[in-house]
Each structure stands twice: as structure tokens, then as C-alpha cells.
Amino acid sequence: MGLMKTFIFLPPASKPVGGVTVLRQMADILHQSGREVFLVERESGGWKPEGLADAAPVIAWADMRLTPDDLWFVPEGWPNALSPGLEAGARCACYVQNWAYLYSALPPAVSWHQLPVSFFAVSDPVAHFIRLSLGERPGLDAPILRPGIDRAIFHPGGTKGSRPTVAYMPRKNKALAAQIRAVFEHRNGPDALRWRPLEGLDAYGVAEALRSSHLFLMTGFPEGCPLPPLEAMACGCLPVGFTGLGGWDYMRQAQAAPRFTPWWPLREVAWGGNGLWCADGDVLDAALCLEEAVGLLRTGGPELDAVLDAGQETANAYATDEQRKSVLAVWDAL
């Protein structure tokens, strides 16, 4: 048996994509540990994340030669990219980075049951989604490969102004973000909050904007393991809003009497409530959570400290060195 080489399919990206960053991070981790790993591009010259070692070799699709000893690792939205691995009899793996795309790109009349593919999940809720939606058959317990955040970039500090500021990402469900704001302002007046859109910034710019904000409003869904709320916690913000399902990997409710409670199992974690979370798409609850968060900022004290401390603990559990340990442990098991 030859030594297993890993080939990771790199989807084309013209603008920043978290999923591509995670694939490159994993390739770097494997490469730096002395394993043979290649990133495989369909087309060259796409977007590349900054601040990565970027040491793992990148090869063109046409230059890839797979053997039955190799692992062909493909993110879930690109099932057609599995074909060279299936033809070569390689070990084929589907890395589900967002549960919402597990079925979206399957060719007509093809089911996952027909493909000799093993699954990896980006988070615990995604592993649960895979297991239940594919019919709970044996071998469906997907190993979990979580993303990591760079604590050298995302850390607390800096000064926050006196007026509560909420950072948010306008590109994530823009219309819902506007509705949440409208509800909040009708209840609290237009000056209760300063709104800071996060757009057109690199990682350092985002971290800086978060450090000078008090709150972060999460409007994105569906999500596999959303990084923005983690980055916000890491920078000392109190996060509020939607979870995308995948966010429940690390999100824990700080509300004493939440209006929404997840029905799926939550894994045991070391930290307590780290945000005020509501059901995806529930703009009224999101606005009420935001209002409650502003109230929490005003009163301060041990209750606020507990939520912010839990956020730091959560961010530490997703630091890049934790990601490195888990990637290497999964590859050792392979």
C-alpha cells in the first residue's frame, strides 16, 4: 500500500469565500506536518485569502493523477468534481461546509446513496443534518473538521465609544437586516444605536471595526459553521441574531427565557451563554434580542461580563492551533 496523498478540490472564487479559506488552511496544516497534499484548481487566478502560509502546492486539474491509495477531498457544492476520484477508485470524501448545499448540486437522478463517498462535516449540527437527512445508515457519522480563527488578528482591545454601536454584514440577507433595523428603531427611536456595516474590509479591517463596536448582529443563514459571530466574540462584541443552524456548534443562549429553543441535540461545551440567539428569519425576535442586548450594555455588571467572558472562551476553542490539532487527528485516523 502506497502512502496516502491528499488532493483537495479548490472551487473557483472571484471574491472572498470563507469555505475556500478553510480548505487552504487545512492544506497548509497537512503540508506543514510533512504530509503529501495538493490543492487542485479548475481555473487559476481566483481570489486568495491573505495571511495564510500558502505553502501547500497548487496543481491544475489536468495535471492531477489519482490512484486508489489517494484521498480526493471535495466540498459539498461540487459533486461533479468527484468524478475523477470515482473513476480512479480513490477514496472519495465530501466535506460538507454548508448543509444547505448538500443536495443543491446533485445531478438529476443521482443520490448520495449511490456514490461510494464518505462525509466530513464542518460542525456538529451539520453532522447531525447529514446523519438524519441521509437516513441514519451505518457509517454516516461524519468526522468534524471545524474552521479556525486567527487570535492574533481577532482579539479584544481598543476603545468603544459611548454610543452603542452594532456591526453587521449587509450582504447577508439584506432585506431582513433592514426589517430588523426598522423594528428596532420604531420601538427605540432612530438614535438608540449606531449601525456599522462591515463591507469591503480585509480581516484586519473587520477586526478593527469589531473592536470598536459593542454588538454584532448576525443576519446570515443558512450556515455551516459561521465565522463572523465567532470573530465578533473574539473582538469583545456581544453577538445577537440568527444562527444558520450550523452556528449552534458553538452558540449557547444567554437569555434567561428564550423565545426560540433548538430542537436538535447540542454538544457539551465548556462555556455558558455567549449571545442572544433567535430562529433564522425571525426579524421580530432578532429586534427584541437586539433591544435586550442594548439594555445589557447599559446595566453592565456581572451579567454582561459573563456573556463576554463566554465569548472569549468560545473564540479560544476555535483558535487556529485547535483547528490544527483536530485536522491532524482526523488524518491520523484515516
Side-chain angles (χ1 to χ4, degrees), residues 6 8 10-11 13 16-35 37-39 47-58 73 75 95-98 120-127 142-158 169 198 201-211 216 218 223-237 239 244 246-247 249-251 267 269-271 274 308-334:
T6 301
I8 298 175
L10 203 55
V17 185
V20 168
T21 304
V22 172
L23 294 170
R24 284 184 174 272
Q25 281 173 327
M26 284 170 40
D28 276 355
I29 289 166
L30 292 168
H31 177 79
Q32 284 158 353
S33 76
R35 288 169 171 80
V37 59
F38 303 90
L39 288 159
W47 170 80
K48 286 171 85 163
E50 299 161 62
L52 293 187
D54 223 10
V58 179
F73 194 83
Y95 180 34
V96 187
Q97 292 183 298
N98 193 333
F120 291 77
V122 73
S123 66
D124 197 59
V126 168
I144 295 170
L145 292 164
R146 294 183 172 88
I149 59 169
D150 187 342
R151 291 296 261 139
I153 301 174
F154 296 100
H155 57 81
M169 299 173 79
L198 301 179
L201 300 167
D202 65 4
Y204 296 93
V206 167
E208 210 138 297
L210 288 170
R211 270 192 288 280
F216 176 76
M218 167 71 167
E223 299 280 352
C225 190
L227 289 175
L230 267 177
E231 294 168 349
M233 286 178 198
C235 293
C237 290
D249 195 63
Y250 61 83
M251 293 171 178
R267 69 188 178 113
V269 293
W271 51 90
N274 53 19
L308 296 177
D309 290 348
Q312 288 302 310
E313 227 181 311
T314 309
N316 289 339
Y318 287 77
T320 32
D321 50 337
E322 295 297 324
Q323 179 191 25
R324 192 182 75 249
K325 282 182 223 161
S326 86
V327 167
L328 296 179
V330 167
W331 255 256
D332 285 345
L334 288 173

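Throughout, residue positions are numbered sequentially from 1 according to the sequence presented. This is a predicted model, so every value here is computed, not measured.
Considering only residues two or more places apart in sequence or on other chains, Gln312 meets the side chain to side chain contact (heavy atoms under 4.5 Å, CB included) condition with Arg151, Pro156. Here Asn274 pairs with Trp277, Thr314 under the side chain to side chain donor-acceptor pair (under 3.5 Å) rule; sequence neighbours left out. By the ring pair (Phe, Tyr, Trp, His ring centres under 6.0 Å) test, Phe154 pairs with no residue at all, sequence neighbours left out. Residues passing the side chain to side chain donor-acceptor pair (under 3.5 Å) test with Glu208: none are found, sequence neighbours excluded. Applying the side chain to side chain contact (heavy atoms under 4.5 Å, CB included) criterion to Arg324, with sequence neighbours excluded, gives Ile29, Asp321, Leu328. Remark: Glu313 engages Ala270, Trp271 in a side chain to side chain contact (heavy atoms under 4.5 Å, CB included) (not counting sequence neighbours). Every side chain to side chain donor-acceptor pair (under 3.5 Å) that Ser33 has, sequence neighbours left out, goes to Arg35. The salt bridge (charged side-chain N to carboxylate O under 4.0 Å, His left out) test applied to Arg211 returns no partner, not counting sequence neighbours. Scored by the side chain to side chain contact (heavy atoms under 4.5 Å, CB included) test, Leu334 finds Met4, Leu71, Arg91, Phe120, Trp331 as partners (sequence neighbours excluded).
Counting heavy atoms from C-beta on, the side chains of Gln97 and Val126 never come closer than 4.5 Å. At least one side-chain heavy atom of Val22 sits less than 4.5 Å from a side-chain heavy atom of Tyr95. Inter-residue side-chain proximity for Tyr250 and Arg146 is flagged as unmet; no heavy-atom pair is nearer than 4.5 Å.
Rounding to the nearest 0.5 Å places CD1 of Ile149 at 10.0 Å from OH of Tyr318. Here Thr21 contributes atom OG1 and Met26 contributes atom CE; the two are 12.5 Å apart, rounded to the nearest 0.5 Å. Note that OG1 of Thr6 and CZ of Phe38 are 9.5 Å apart. Values are rounded to the nearest 0.5 Å. In this structure, CZ in Phe216 is found 7.0 Å from CG in Leu210, a value given to the nearest 0.5 Å.
Of all heavy-atom pairs spanning Asp249 and Val269, the tightest one is O-CG1, 4.3 Å. Listed here is the closest heavy atom pair of Ser326 and Leu145: O-CD2, 4.4 Å. Across all non-hydrogen atoms, the minimal contact from Ala56 to Val37 is CB-CG1, 4.3 Å. Residues Pro57 and His31 approach most closely at CD-ND1, 3.6 Å, considering heavy atoms. Residues Ile153 and Ala203 come closest through the heavy atom pair CG2-O, 3.9 Å. Taking each heavy atom of Val330 and Ile144 in turn, the nearest pair found is CG2-O, 4.2 Å.
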In residues 223-237, what donor-acceptor pairs under 3.5 Å come from side-chain atoms, sequence neighbours left out?
{"residue": "Glu223", "atom": "OE2", "partner": "Lys172", "partner atom": "NZ", "Å": "3.0"}

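Between the Asp28 side chain and the Ala55 main chain, a donor and an acceptor come within less than 3.5 Å of each other.
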